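Please read the structure below before turning to the comments.
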Amino acid sequence: MTAPHRDPQSLADLTPAQQKAVTHVDGPLLVLAAAGSGKTRVITRRVAYMLSRGIEGSNILALTFTNKAAGEMRERIGKLVPNSNVWVGTFHALGARLLRTHAPLVGLDRSFTILDQADRLRTIKEVIEARKIDTLGVPPERIEAIISRAKNAMTSPEKLLGGADDLIAKAVAPVYKRYQERLREQSAVDFDDLLVHIVTILRDHPDLRARLDAQYKYILVDEYQDTNMAQYAILRGLSRDHPNLCVTGDPDQAIYAWRGANLNNILEFENDYPGCKVVKLEQNYRSTKTILYVADYLIQHNTQRKPKDLVTDNAHGEPVEISVYLDDHEEARGVASRIVDLTRHDGFSPRDVAVFCRVTALTRNLEQALRSASVPYQVVGTVSFFDRQEVKDVLAYLSLVINPRNDVAFDRVVNVPQRGIGKTSLDHLAEWARRKGIPRLAAAARAREIPELKPKAIDALVDFAAGIDRIAKHPTASAKDGVERVLRAVGYREYLKLSALSKADDRNANVDELITAAAEFDSANRDGSIAGFLEQITLMTSVDRWADDSGAVTLMTLHAAKGLEFPVVFIVGVENQLLPHSRSQDHPDQVEEERRLFFVGITRARQKLFLSHCANRVVKGRSMYASPSPFLDELPADAIVVRDTTGGRRASSQWDSHSHSNTDWRYGNNQNRSSYAPPPPPQRYEKPRSSSVNFGLKTAAEHAAGASAASSPPVDLDRFQPGVSVRHPTYGLGRIVAIEGAGPNRKGRVAFVVGGERTFVLAKSPLKPI
DNA sequence: ACTGAACGCTTTTTT
DNA sequence: AGCGTTCAGT
């Protein structure tokens, strides 16, 4: 139906299905894109096609899941059509941008602050404490999650309460209500508000809605299966007069239900947008036949699912390897040496390799093993640079300068560096500010009027407020200037030198890096503001900071892996309480999501896939028995090989006596083999029979023969003498310079290699002689 | 009243 | 292994 366009050759390299998607311009379009089906390519080509048909770039909006995906797409569009003016970004970035312009419509200043999830949790805790709300023992973290889910579903506190018989909702609703008020008082928003406020604005201001709808005449959405109700509502609002909405996604890759994503958005799209065209992309260009076969075999175990045919013309490839290790250290070492082999003998480079795990904590061992094997690696999703204390401190100062109502930032820095302002003084201040209905910074400036405060505290607070004021008075030139001004004004470098002990150098380096980041921001955004700098940082995800050109092995969670691909993939910790995670085991829906998560991990691999699990794993400092994931049973036996590295070393009478008697058990089954992939010749490998046991939560220490060795032996106090070298968990190595007193209260003065001298009560301290 | 050290509790996944 | 709370000391 579409006439030939200006550049006919540009479509020749696309399959008929891809062409259909690319050339559909007007009206709703649903692209069901299987993993590895070239979805991103189709989207970018479609944008280029629209531009070539004369559509203005400023009328096109492309929404992605992460900033990184946005950056890639922006770049690819830029290569096809330079200077196109298409807006590409995440939903949250769009929300922030629109809200900067229209903040007053929902009662916020334009200089509003975006709270990250740590700030949000802090605020929730404060609300509970200040209002003495009885939460019926529901922990703050859980309350936070419930509030977030309620917001994403656009449920008000009142409506949450309407759910009658739910006790938890009853406990959460008042916190939710008060939390929302607190945010408004501070002119702050959390991540969810970036979406919800936009929904409110679109709903309450029809003229503005119509204007935006007309401006964003063409909208593309990636990863549509992971959108939530608020995002859905935004899209509805922007696609009423011009329903040229193109969504792409794959229900089998929906892994964010826990965050409020609603799978029905994609399942019901055809009904929501009548006349919608549907294109299925089922051809896989990424993985070997074997990997695709394994993935498909697994995902067919989900009951809530539309069947689909995955096909590929790629080579068969090798069987998927499942390794069994004795414990998590062995696993890490095994993976590391495997990677060394691959790079030395098989022509892979470290950058071709990724290691995925279910929880971030698992990366620790791997880091160690890779380091000692001299394999370069990069962790995605650990405490990011911007989560570091010193960086957060400086950013909080900046944030307070820009938005003086930001009480969260005030609390964070009012006593950093220490100004002798303690908790009781701050409690009085907060209470007074609350009664007066003013921000805490303003209250600090008027500390003299607060009767409960001591003169010392008054002086310190007034001083602090004046200091912030002084910084704010200077016209803020650039982000870099702002950071440097803060550092100078508060004497932050000096503070680091004195208080940070052995970490002073690292922390100073981090501060340096922050200055660099600010300078980078300045040159990238010549009309940018400090507010813009802060916003960019808050909305940045861990994946966004990941540079894939670093030539290093990539370590990340399965969630972070979505949308990426690697020639070689390892998935570690494929164990029962981990994948599926123990928190999901009670709910079948959640187990299906875990299966999808595993599916996502498997389908990231192009050529080689390695899975592994352990018999023992250290969790939270305790060694626990671990059993293989039930998902491993759902893989086709004829496409996998098992490698048991535990040998006879796992001999433990406890273990064996608990074993199941089914000695013929092995991974996988062939009950309903899918027909598209002729499997490689069957490879029969006996699975270690004892591994099929699930011991639940007993610690291995309770069983192990050498259990007593695990408990730390009491240290003989007499061994602490002047001159003796000691180790402290926090301060590291040191030497005893003096012993004071006698008996159980005997104290030792220790000079540390880094960080000066400190005194400890020897019997109570964690000091160890060396 | 503030500061610092020790103890106990906790962690799924993230915009 | 990390963080917030608690306790003791100045």
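In the text below, chain A, chain B and the rest are named by the order of the sequence lines, each starting its count at 1. Predicted model only: the values in this text are computed from it and were never measured. When reading the values below, keep in mind they use all heavy atoms of this one structure, side chains included, and skip hydrogens, waters and symmetry mates.
- The side chain of A/Thr66 places no N or O atom within less than 4.0 Å of a non-bridging phosphate oxygen (OP1 or OP2) of B/dT14.
- A/Arg371 and A/Tyr377 share a side-chain donor-acceptor pair at under 3.5 Å.
- The residue A/Lys456 sits apart from the nucleic acid: no heavy atom pair falls under 4.0 Å.
- When each of A/Phe65, A/Trp258, A/Phe356 is tested with A/His559 by the rule ring pair (Phe, Tyr, Trp, His ring centres under 6.0 Å), just one qualifies, namely A/Trp258.
- A donor and an acceptor atom, one from each side chain of A/Glu575 and A/Gln577, are nowhere located under 3.5 Å apart.
- A/Asn152 comes within 4.0 angstrom of nothing in the nucleic acid, heavy atoms only.
- What separates CZ of A/Arg149 from P of B/dT14 is a distance of 16 Å, to the nearest Å.
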Measure all distances between protein nitrogen or oxygen atoms and nitrogen or oxygen atoms of nucleotides 9-13 of chain B, and list the pairs falling under 3.5 Å.
unit_1	atom_1	unit_2	atom_2	d
B/dT11	OP1	A/Glu141	OE2	3.4
B/dT12	OP2	A/Arg583	NH1	2.9
B/dT12	O4'	A/His581	NE2	3.2
B/dT12	O2	A/Arg358	NH1	2.8
B/dT12	O2	A/Arg358	NH2	2.1
B/dT13	OP1	A/Thr360	N	3.3
B/dT13	OP1	A/Thr360	OG1	2.8
B/dT13	O4'	A/Arg358	NH2	3.4
B/dT13	O2	A/Trp258	NE1	3.2
B/dT13	O2	A/Arg358	NH2	2.7
B/dT13	O2	A/His559	NE2	3.4

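- The distance from atom OH of A/Tyr495 to atom C1' of B/dT3 is 13 Å, rounded to the nearest whole Å.
- Taking atom CG of A/Leu426 as the reference point, atom P of B/dC2 lies 8 Å away to the nearest angstrom.
- Rounded to an integer number of Å, the gap from A/Gln418 CD to B/dT3 P is 6 Å.
- Summarising the geometry, the separation between CZ on A/Arg120 and C1' on B/dT14 is reported as 10 Å, rounded to the nearest angstrom.
- Rounded to whole Å, atom C1' of B/dG4 lies 13 Å from atom CG of A/Asn415.
- Residues meeting the salt bridge (Lys or Arg N to Asp or Glu O under 4.0 Å) test with A/Asp459, sequence neighbours left out: none.
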Between A/Thr538 and A/Asp116, is the side chain to side chain donor-acceptor pair (under 3.5 Å) condition met? List the steps. CA-CA 6 Å; A/Thr538 323; A/Asp116 65 17; over 6 Å; no
